[in-house]
Amino acid sequence: MMEADDVSIREQLFHNRVRETIICVLLFTCLYMVSYLILTHFKKTAEFVTDDIEDATVNKIALWLCTFTLSVAVCAVLLLPISILSNEVLLTFPQSYYMQWLNGSLIHGLWNLVFLFSNLSLVFLMPFAYFFTESEGFAGSRKGVMARVYEAVVLLLLLALLVLGIVWVASALVHDNIARKSLYDLWEYYLPYLYSGISLCGVLLLLLCTPFGLSRMFSVTGSLLVKPRLLEDVEDTLSCTTFEEDSLSRKLNCGSTSCWVKLNVEALKKEYQTVQSKRVALEMRRKASPWQRNLGYPLAMLTLLALTVMCVLMVCFNVLELLLDETAMPRGMEDPHLGMASFSMFGSLGAAVQVVLILYLMVSSVVGFYSSPLFTSLLPRAKDTNLTQIIANCVSLLILSSALPVFSRTLGITRFDLLGDFGRYNWLGNFYIVFLYNMMFAGLTSASLIKTVTWAVQRELIRAFGLHRLPLTVSRSTVPFRLLLASGLSKIQ
């Protein structure tokens, strides 16, 4: 009887492991296909369709590695939302037969896989992809793909030794007694120390990009929607823009026939494209319905404002909890205990809000990253992004996404503790680092929000009251706010 019970338990464990493996493979396959479609939309086709078969093969292999890295980044973004929603589903259907596959073992295994693959991509795959595309084989060796593989592997090993030496020196400076014991303790100490440093860099990058991205979300969303223009004649503006476009078109045609020798054709082309995009936006605004024109834009702006304010308030509340309760510190856990209790005091609604806020913060960090002057050159362009830029974008997105769970838990956006190796970072237990991080995020986000809202209101008032037609020598800062009010009252009267 005991042997039969042991066999049934082993069979159940085996079936659970097979089921979890199949689910993870299906999830990753779907993400891989989506990532491949995204990269093929941005890649430069000329690099993959060339007369040199060797270069085309190398570029395809590097693109596959980039696709793998991007799919891992997307999976890292979905870690917390999947975990939170899984807990709420198990709370809603605790005895459902169809939800037995959704358990803590599956979620824990998913976190471990994402941690493993993210570090594998950052430390090995992406450096190998870059060296692989730049290598030509050792001097005197036979040319071919394998010659490039040998050179890329040698460069990767040299880079690994260099990074390991830097980590050993850094650990010796910080923890002298531990680092000098042995260099053989690579897996138990030095690699986790390296991962901790990478995660800290990612969280600091999120601290810089997310507040800036939260302020940029208003302008980015506004450029995608039809804005209501008070006291503005759209037809008159559209006719002027059309006339200007026709004038530039005639100048370009004249320049192509060499009628004007000193004509700057490139500058005219850029100006023509700008005017053309402006005309298209005006035509879309003219065709828009009154509901879309007067209700869609305000609702979108109010939604963004509400989400941003909610993030700031939750961070401020987390700061108070850090001062009063030590359990508010981010920490790791081994068993998630799904289906026991909700991770939000407001139940399923609060959990849904947490998921929305986590995804909103990720989108804002990406917008802030590409809007930063340091990383504007990395912004991908459709069908015009070379392979080196694709590798740099995949590395940047993976650093941001792999730090998102730690970022969200540190700020108190969610109470779902970090699973697996995500909760073993050395700096997570430092109260001063966590407290200062929360204070800096709340301060930077509040300052960016206040600056964005006040400038946006002043800009719209200037445009609504016709003060944007003033001479260029009169800047916006020289127009006092009382002049705006006086101009508005005179127009109303």
Side-chain angles (χ1 to χ4, degrees), residues 32 35-36 39 43-44 46-73 76 113-173 179-202 377-378 385-399 401-402 421:
Y32 189 91
S35 302
Y36 184 78
L39 292 183
K43 72 176 183 180
K44 186 180 291 185
E47 293 185 347
F48 299 88
V49 184
T50 60
D51 296 333
D52 193 343
I53 300 178
E54 180 183 334
D55 288 339
T57 303
V58 169
N59 292 337
K60 287 180 182 178
I61 295 174
L63 184 66
W64 295 339
L65 296 178
C66 292
T67 306
F68 178 84
T69 302
L70 184 59
S71 58
V72 173
L113 287 176
V114 170
F115 182 84
L116 175 63
F117 290 153
S118 61
N119 289 286
L120 179 67
S121 300
L122 284 176
V123 179
F124 295 105
L125 296 185
M126 286 296 95
F128 175 79
Y130 177 74
F131 293 144
F132 192 39
T133 56
E134 297 295 329
S135 62
E136 297 180 355
F138 293 109
S141 62
R142 185 177 180 181
K143 299 298 181 182
V145 177
M146 291 307 300
R148 291 190 173 191
V149 171
Y150 296 148
E151 182 180 355
V153 169
V154 171
L155 292 175
L156 184 61
L157 290 176
L158 294 176
L159 178 64
L161 291 176
L162 176 63
V163 172
L164 180 61
I166 294 175
V167 171
W168 183 78
V169 172
S171 61
L173 293 175
R180 291 189 179 182
K181 283 184 178 179
S182 175
L183 278 175
Y184 297 103
D185 200 9
L186 180 65
W187 186 263
E188 294 294 331
Y189 180 74
Y190 292 104
L191 287 181
Y193 196 87
L194 176 62
Y195 300 156
S196 180
I198 294 176
S199 71
L200 182 59
C201 293
S377 59
L378 291 179
T385 307
N386 57 45
L387 196 54
T388 304
Q389 286 182 315
I390 291 177
I391 294 174
N393 278 280
C394 291
V395 171
S396 303
L397 292 177
L398 181 58
I399 291 175
S401 60
S402 59
D421 292 321

Least distance between heavy atoms, T67 atom then Y32 atom: CG2-O, 3.4 Å

Heavy atoms from other residues, nucleotides or ligands near CZ of F128 exceed 12 (cutoff 6.0 Å): yes

Minimal non-hydrogen separation, S121 against P127, with atom names: O-CD, 3.9 Å

Nearest heavy atoms of I391 and C66, plus distance in Å: CG1-SG, 3.5 Å

Test side-chain hydrogen bond (donor to acceptor under 3.5 Å, both in side chains) applied to E136 - qualifying residues, sequence neighbours left out: none

Pairing residues for I61 by the side-chain contact (heavy atoms from CB on, under 4.5 Å) criterion, not counting sequence neighbours: T57, W64, F132

From T385 atom OG1 to K44 atom NZ, the distance as rounded to the nearest 0.5 Å: 8.0 Å

Atom pair OH/CG of Y130 and L159 - distance to nearest 0.5 Å: 11.5 Å

Least distance between heavy atoms, S118 atom then L398 atom: O-CD2, 3.6 Å

CA sep, side-chain torsions, deciding dist, call: L63, Y36, side-chain contact (heavy atoms from CB on, under 4.5 Å): CA-CA 8 Å; L63 184 66; Y36 184 78; 4.2 Å; yes

From L39 atom CG to T69 atom OG1, the distance as rounded to the nearest 0.5 Å: 9.5 Å

CD-CD distance between E151 and E134, expressed to the nearest 0.5 angstrom: 10.0 Å

Distance (rounded to the nearest 0.5 Å) between L157 CG and L162 CG: 12.5 Å

All side-chain contact (heavy atoms from CB on, under 4.5 Å) counterparts of S396, not counting sequence neighbours: F369, L378

Separation between CE of M126 and CG of L156, rounded to the nearest 0.5 Å: 11.5 Å

Minimum heavy-atom distance between T133 and V58, given as atom pair plus value: CA-CG1, 3.9 Å

